[in-house]
Amino acid sequence: MLGETVITRAELERAVEALARTIEADLEGRDPVFICVLKGAVYFFTALTQRIRHPMVVDFIQASSYGATTESSGTVTLIKDVTVDIAGKDVYVVEDIVDTGLTLADVVALLRARHPRSVQVVALLSKPSRRKVAVAVDFTGIEIEDRFVVGFGLDFAERFRNLPEIREFVSDGEATP
Ligand code: IMP
């Protein structure tokens, strides 16, 4: 069931704006491709990229997610690949949340194999205490403690993505809320 609000809409807007300014400063002289990791990052991705005043290409990738549980399975499969050629480009991987880091590590390895000029990671949220693999997050919005959250793109069993704020989700043992 839904718990308390962890991050308000106003706090999210401030975090996105701050990230946009920092990334803009990093973009000088670069030829960027911003890659949204579906589905969770989609709300963050559209908010962020619209605030960045720099020419860019956008694309989408989808890796497997948790399913109807709040624990990571540790196995990641590619469901949808990007369609643009990223060789020689500056890639910005845009994630909703980095938890164990397993998803991100796989996605970054897959993209690096295609010889981009650089790969950097942007994450709206990070749970550093949960990390299982060392993966560099170059731009982090907000660090949170170890609690399962939904809203602003984040789901539990595909639900709650459209909530405008980030709320805690407390599992009651059911597969679906
Ligand atoms: P990781 O591979 O454990 O880092 O998990 C990354 C993915 O798990 C994210 O892109 C989310 O889709 C999902 N995830 C991790 N923590 C949460 C959470 O608190 N709420 C909703 N989804 C989460």
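For clarity, every value in this text was computed on a predicted model and none was experimentally measured. One-based numbering, in listed order, for ligands and for the atoms of each.
Residue-level proximity to ligand 1 for Asp155 is carried by the backbone, the only part with a heavy atom below 4.0 angstrom. When non-hydrogen atoms are compared, ligand 1 lies under 4.0 Å from the side chain of Glu95 (C-beta onward) but not from its backbone. When heavy-atom distances to ligand 1 are checked against a 4.0 Å cut-off, Leu154 comes that close only through its side chain, counted from C-beta outward. With a 4.0 Å heavy-atom cut-off, ligand 1 is reached by the side chain of Lys127 but not by its N, CA, C or O.
Relative ring orientation between Phe148 and Phe169 is described as perpendicular, the plane-to-plane angle rising above 60° on a 0-90° scale split at 30° and 60°.
Every residue two or more places apart in sequence or in another chain was checked for a ring-ring contact (aromatic ring centres under 6.0 Å, His included) with Phe139, and none qualifies.
The atoms of ligand 1 that sit less than 4.0 Å from any heavy atom of Arg147 are 19 (O). Close approach to Asp96 involves these atoms of ligand 1, each under 4.0 Å from a residue heavy atom: 9 (C), 10 (O), 11 (C), 12 (O). Here is the list of ligand 1 atoms found below 4.0 Å of a heavy atom in Leu102: 2 (O), 4 (O). The distance from ligand 1 to the heavy atoms of Thr100 drops below 4.0 Å at these ligand atoms: 1 (P), 2 (O), 3 (O), 4 (O).
Heavy-atom distances between Gly101 and ligand 1 reach below 4.0 Å in at least one pair. Residue Arg131 places every heavy atom at 4.0 Å or more from ligand 1. Residue contact annotation: Leu104 has no non-hydrogen atom under 4.0 Å from ligand 1.
Using a cut-off of 4.0 Å between Lys/Arg side-chain N and Asp/Glu carboxylate O, Arg167 and Glu165 are scored as salt-bridged. Ion pairing between a basic and an acidic side chain is recognised when a charged N comes within 4.0 Å of a carboxylate O; Arg51 and Glu17 show such pairing.
Distances between N or O atoms of Val150 and those of ligand 1 include no value under 3.5 Å.
Around the NE2 atom of His54, the shell of radius 6.0 Å holds more than 12 heavy atoms that belong to other residues, nucleotides or ligands.
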In a table with atom names and distances, give each donor-acceptor pair under 3.5 Å that connects a side chain of residues 120-129 to protein atoms at least two apart or in another chain.
unit_1, atom_1, unit_2, atom_2, d
Gln120, NE2, Asp26, OD2, 2.8
Ser126, OG, Arg131, NH2, 2.8
Lys127, NZ, Arg147, O, 3.2

Check: Please walk me through it: do Asp81 and Arg114 pass salt bridge (charged side-chain N to carboxylate O under 4.0 Å, His left out)?
Finding: CA-CA 12 Å; Asp81 203 347; Arg114 297 174 184 173; 2.7 Å; yes
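You'll find the ring centres of Phe152 and Phe44 outside the 6.0 Å limit.
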